[in-house]
Amino acid sequence: MSGRKKPATDPVEINRLIWRTVERIPAGRVATYGQVADIAGLGRAARRVGRALRELPPGSRVPWYRVLRAGGVFAFPRSSESYRRQRRLLGEEGVHLVNGRVDLQRYGWQQTLDELLWSPDA
DNA sequence: GTCTTGACTAAGC
DNA sequence: GGCTTAGCCAAGA
């Protein structure tokens with residue numbers, strides 16, 4: 001047997017891995033490309049995440065709109081259809097924009113830290 | 001095999 | 001606040 005071990009070299013595997021990671025983002029939360037890449041085990045391949053989402057077929061249940069650029073900024077131009085769609089979908093989940101961007105300290109996907117910092121009493 | 005592009009990020013002006 | 005530069009990684013020409 002060829003003992004050649006390759007860590008998710010197949011683009012299909014990588015895409016699935018990225019999509020699966022994006023699906024893990026809970027509703028009402030958002031994550032950055034770099035964060036998704038890191039969680040997916042791709043390191044700094046934030047661009048790879050963007051490509052995977054671009055290749056994402058329509059009708060998919062992957063919440064691509066929960067993925068933002070660094071700083072909570074949208075990846076699309078403000079006059080783009082995707083921008084409005086993303087903004088609307090996030091709004092339905094309770095995520096609204098402040099000065100054209102999302103407050104990552106509040107809506108950012110912080111699996112553990114968030115519950116520690118965000119007290120329900122606030 | 002080299003160059004360009006891109007749903008990226010961070011730092012600098 | 002916005003624009004530029006540099007770094008990064010993968011796909012396409």
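Sequence lines set the chain letters: A, B, ... in the order given, protein chains first and strands last, and positions in each chain run from 1. Every heavy atom of this structure was used, including side-chain atoms; hydrogens, water molecules and symmetry mates were not.
Note: CZ (A:R101) to P (C:dG1) measures 6 Å, nearest angstrom. The distance between atom CZ of A:R87 and atom P of B:dA7, rounded to the nearest whole Å, is 22 Å. Distance CD (A:Q35) to C1' (B:dT9): 13 Å, rounded to an integer number of Å. Distance A:N15 CG to B:dA7 P: 14 Å, rounded to the nearest Å. Rounded to an integer number of Å, the gap from A:D38 CG to B:dC8 P is 17 Å. The interatomic distance linking A:L104 (CG) with B:dA10 (P) rounds to 11 Å, in whole Å. Rounded to whole Å, the distance from CD on A:E55 to P on C:dC9 is 20 Å. Taking atom CG on A:L53 and atom C1' on C:dA10, their separation rounds to 14 Å, with Å as the unit.
In this structure, A:P63 and A:W19 have side chains that are not in contact, with every pair of non-hydrogen atoms separated by 4.5 Å or more. Between A:L90 and A:Y107, every side-chain heavy-atom pair lies at or beyond the 4.5 Å cut-off. The shortest distance between side-chain heavy atoms of A:V67 and A:T32 does not fall below 4.5 Å. In this structure, the side chains of A:W109 and A:Q35 come closer than 4.5 Å at one or more pairs of heavy atoms.
Remark: side-chain polar atoms of A:Q86 are paired, donor with acceptor, to backbone N or O of A:Y65 under 3.5 angstrom. Under a 3.5 Å cut-off, the side chain of A:R66 and the backbone N or O of A:I25 do form a donor-acceptor pair.
Rounded to whole Å, the separation between the P atoms of B:dA7 and C:dA6 comes to 22 Å.
Which of C:dC8, B:dA7, B:dT9 sits closest to the side chain of A:R69 comes down to B:dT9.
If you chain together hydrophobic residues whose side chains sit under 4.5 Å apart, A:W64 and A:V73 never meet in one group.
Stem analysis of DNA chain C (Watson-Crick or G-U pairs, both distances under 3.5 Å, runs of at least three) returns B:2-6 with C:9-13, B:8-13 with C:2-7.
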Atom pairs and distances, donor-acceptor, side-chain atoms in residues 42-56 of chain A, under 3.5 Å, two or more places apart:
from  : atom 1 : to    : atom 2 : distance (Å)
A:R48 : NH1    : A:N15 : OD1    : 3.2
A:R48 : NH2    : A:N15 : OD1    : 3.0

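Atom CD of residue A:E81 and atom OG of residue A:S79 lie 9.5 Å apart, to the nearest 0.5 angstrom.
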Q | Under 4.0 Å protein heavy-atom contacts per nucleotide of nucleotides 1-6 of chain B, with B for base, S for backbone only and - for none | A | -----B

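Using a 4.0 Å heavy-atom criterion, one finds that A:S82 contacts no nucleic acid atom at all.
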